[in-house]
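Keep in mind that what you see is a predicted model, and the values were worked out from it rather than measured.
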Amino acid sequence: MTIASTSVTVRQPRAARRVMQASRAALSALSALSTLAALLALCGAPALAQTTNPHTASQPAASAHAPVHRATAPRAASASGASATTAGADDRPVLPRLIAIATPEDDDIPRFALYAARDIEQLGLQFPAQADNASPDSEVVITMSLRDSATTRMRDFSRQHMNEPMTLVVDGVDMLTATIRSELGGKFQLQMPKEKARLLFQRVLAKAGPTT
């Protein structure tokens with residue numbers, strides 16, 4: 001006796017099939033989200049912003065090398081020029097000055113002798129209108145520069161007779177009597193009457209007196 005075999009196909013209910021399809025879709029979505037999360041972690045937060053904001057991605061990025069225009073204040077050329085002139089005037093050294101006084105009756109006033117040809121190197125005249133504490137009608141200011149040997153003698157003499165009167169003698173002629181108020185050296189000023197100044201220039205120009 002022969003028994004014929006038959007195949008029986010068991011079909012799942014429709015509701016069960018839908019549940020299985022939804023489960024597979026959920027698993028696929030979870031797998032995709034996990035992959036996306038891993039990629040975002042590697043790329044960083046800026047990548048997320050660029051990926052999720054289409055409006056931002058469509059706009060052109062600003063160039064890092066774009067020129068930046070800054071407002072520049074105009075330079076005050078006249079003010080800086082005036083400041084430089086004032087600074088230059090303030091940098092000029094102030095020379096010690098011997099101001100002529102009336103000759104005291106005391107004959108024991110120390111005397112300092114100079115010879116025009118040997119000791120005096122240079123004379124300069126300051127105009128009366130620019131002289132400080134000088135009468136324009138009667139006094140002038142003379143800048144005197146001495147040679148090395150006379151400079152040493154004058155420095156030692158002024159230290160020894162500080163705050164004392166002295167008489168400056170040039171080629172045997174008394175030029176002025178003044179009180180020493182500061183140390184004198186190779187360059188100083190004489191504030192003296194015009195007549196004495198004229199005589200001093202004549203002696204220096206003529207190179208009168210001994211040369212030794």
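- The shortest distance between side-chain heavy atoms of Arg118 and Arg147 does not fall below 4.5 Å.
- Residues Leu200 and Met144 are in side-chain contact: their nearest non-hydrogen atoms beyond the backbone lie under 4.5 Å apart.
- Using a 4.5 Å heavy-atom cutoff, the side chains of Arg153 and Leu114 are in contact.
- Put simply, CD on Glu164 and CD1 on Ile109 are 10.5 Å apart, with the number rounded to the nearest 0.5 Å.
- Residues forming a ring pair (Phe, Tyr, Trp, His ring centres under 6.0 Å) with Phe157 (at least two apart in sequence, or on another chain): Phe112, His161.
- One finds the CG atom of Leu184 at 11.5 Å from the CD atom of Gln189 (value rounded to the nearest 0.5 Å).
- Residues Val169 and Leu98 are members of separate hydrophobic clusters, defined by side-chain heavy-atom contacts under 4.5 angstrom among Ile, Leu, Val, Met, Phe, Trp and Tyr.
- Under a cut-off of 6.0 angstrom, the local environment of CG in Asn163 is crowded, with over 12 non-hydrogen atoms contributed by other residues, nucleotides or ligands.
- Hydrophobic clustering places Leu125 together with Leu123 (ILVMFWY residues linked when any side-chain heavy atoms are closer than 4.5 Å, directly or through intermediates).
- For the atom pair CE of Met175 and CG of Leu168, the computed distance is 8.0 Å after rounding to the nearest 0.5 Å.
- Tracing side-chain contacts under 4.5 Å through hydrophobic residues (I, L, V, M, F, W, Y), one never reaches Met162 starting from Ile101; they form parts of separate clusters.
- When hydrophobic clusters are built by joining Ile, Leu, Val, Met, Phe, Trp and Tyr residues whose side-chain heavy atoms come closer than 4.5 Å, directly or via intermediates, Val173 is grouped together with Val140.
- Between the side chain of Lys196 and the backbone N or O of Asp174, at least one donor-acceptor pair lies under 3.5 Å.
- Rounding to the nearest 0.5 Å gives a distance of 5.0 Å between CD of Gln191 and CZ of Arg97.
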